[in-house]
Amino acid sequence: MSVAAEQTLSADEQDILQELMNIAFGRASADLAEVIDTYVVLNVPEVRTLKVDDLPEFISTEISEHDIISIVEQSYLGKFKGVALLIFPSGAGRELLNLFGDSNEDYGEDVSMASLEKESLMEVANILIGACVGKVVELLDDEVSFSPPRIIIEDHPRNAIPCEIFEPDSLATVMRTVFQFSERNISGYFFLINSNESFQWLKKALNLFMEQYE
Amino acid sequence: MIFEQVFNMINVGLVILDEDLFVCHWNRWMELHSGIQAENIIGSPIFKFFPNLDNPKFLRNCKSVFKFGNFSFFSQKLHHYLFPFKPDSTFGSEFNHMQQSCTMGPLRDESNVISNIYLAVQDVTEIAAYERKLVEKNMQDGLTGVYNRRFLDTKIQEEFSRHKSYHRPFSLIMCDIDLFKNVNDTYGHQCGDVVIKQIATKIESMLRKTDFLARYGGEEFCCLLPEANLEAACNLAERLRQAIEEEEVNFDGQTLKITVSFGVAYMHDGVENAETLLQMADEALYVAKKSGRNRVAAA
Amino acid sequence: MINTILIVDDSTISRKIVKKCLPKDREFNLFEAGDGLAGLEKFKEIKPDLVFLDLTMPVMDGVQALKEIIKVDKDAVVVVQTADVQRKTISNVMDAGAFTLLRKPLSPEAVAEVLRLIEGTGHKKG
């Protein structure tokens, strides 16, 4: 099935988006160092357009080296609209808890280790996603709201990728990167899946961004 | 004008802070629940009134919202509350403090720069109380009030991984009421229920606070004994056996004598997984039954 | 006076942005390269007065390319442009011999200011 031209990004637009993502993630990385006091390496994101139906397969291929993973999902809502997925290999929660474990904080007896680890994953994901999405929309002159993050799965990656969040047949712009906390052995995958609804706006915003240089 | 009314009428606590985390606005809901008037707190650092907020996590999230314009969420599950207020309704009587779900987000000035952050505080005490009840129900056996099998299975898994990491000993005792079918057939199911309840109560009264007792099947119970080696577990099983043997169950003017058989299993390095341990206890119980009931056998 | 400029960046858009940010009232001899290694080769060939260098590039990254360029000519004027403005990155780049570091995306004002600085300090080759 061929896809209508208005539903795809031209090579130029793709290139602008790529460059914008570089800038946004670079800035996010710099500011993250200040906010969480740790150097986070955010690799240059890779931008591509995929059919929603192909998403689960694409993501699970990307992360196939891991047996068990945790996925934190958070949606963002503005003209730029979609879902962010942060994928951590198992054990990352414990590492993060050590990193940010505000040890003198008393959570009470009814809070188990497992839920503390989950909470650390969600907190870090919330900040990481907020930083990256925040910087992208800042460059594109938009503002977004965020839903609370949630852990959607802790299982084998094969059957873990949600695609029911989007209309079947629709296209998603996927921005994929790998991040690392430099002083810790923590790394993971980061996907921004932009919905088809915001596609026309994204196209326009990309061209507007370039216009300031014409 | 109208916006200001909403700010004060809404059934949510609203606080607005500046970049140095000084209070700029404090709505009526916050006044009512904190007992602090807006005019007294506005212009002061939030930490002056709520020193509990001066912690790395809160600060980190404030910084993040100022820097990225994202939202931060303080869930009731982990934090219980940000502001230590008294519970509002009778529903919260089991909580010392109002349970809160809080959100923090950015506010921008005319030139679109984030100049302030807001905190929205929602009272979720009632929901938390319901949830707690549901969680309790979910791990309880309806008839006896002791734990149910699902809960015990998770506990055994937990103990098992604890053993793998820290090599702490633990034991299981499988208990089965002898000839229970006869009780049901002779005296009826109501009587059977009374027997089961009384045995459960008796066993529970003889366990340590750190032990777990669950109804594992119809007339079958299982005790999980953390930190207990095989000898301690067998001693306990023997005391339970004797106590139950001496016990009388009264039902409908009649007196019944009940006995229970016990199978004990001890966690050691050769045991591959939690299921194997349960199976060992089951097999020991089978031996106890085979060799005449009302006795203790160890795996 | 700056005459020959080499722009090293893997993104064509980014190279386009650099070109658009150069002062409109002046003429430059512009050369481009799409990765660090190609940039280094081009540098040896044309000996430019000024290099705009991106940091994250395939084949040879910007920091490596910068070091190689300085090896070839210790007076080379290299302006690094990057989105990553962490203190650690800045000090890495400055230690390697960059003239300065500009934050992406470039603006005509920032570029004009840098040109003024370079030409004002007499920091030029030969």
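Proteins get letters first, then strands, A, B, ... in listed order; numbering begins at 1 in each.
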| field | Nearest atoms (heavy-atom pairs only) where A:I23 meets C:K104 | value | CG2-O, 3.5 Å
| Should we say atom CG of C:N3 is surrounded by more than 12 heavy atoms from elsewhere, each under 6.0 Å from it? | yes
| task | Return the option, out of C:D9, C:L55, C:I17, with the maximum number of heavy-atom pairs under 4.5 Å with chain A. | result | C:I17
| said: If I take atom CG from residue C:D10 and atom CD from residue A:Q18, how far apart are they, to the nearest 0.5 angstrom? | reply: 8.0 Å
| message | What part of C:K19 gets within 4.5 angstrom of chain A, counting heavy atoms only: side chain, backbone, both, or neither? | response | neither
| task | Please name the pair of heavy atoms, one in C:I13 and one in A:D15, separated by the smallest distance, quoted to 0.1 Å. | result | N-OD2, 3.3 Å
| Inter-residue atom distance A:L20.CG - C:S14.OG, 0.5 Å rounding | 10.5 Å
| query | chain C heavy atoms under 4.5 Å from A:F25: which part of the residue, side chain, backbone, both or neither? | reply | neither
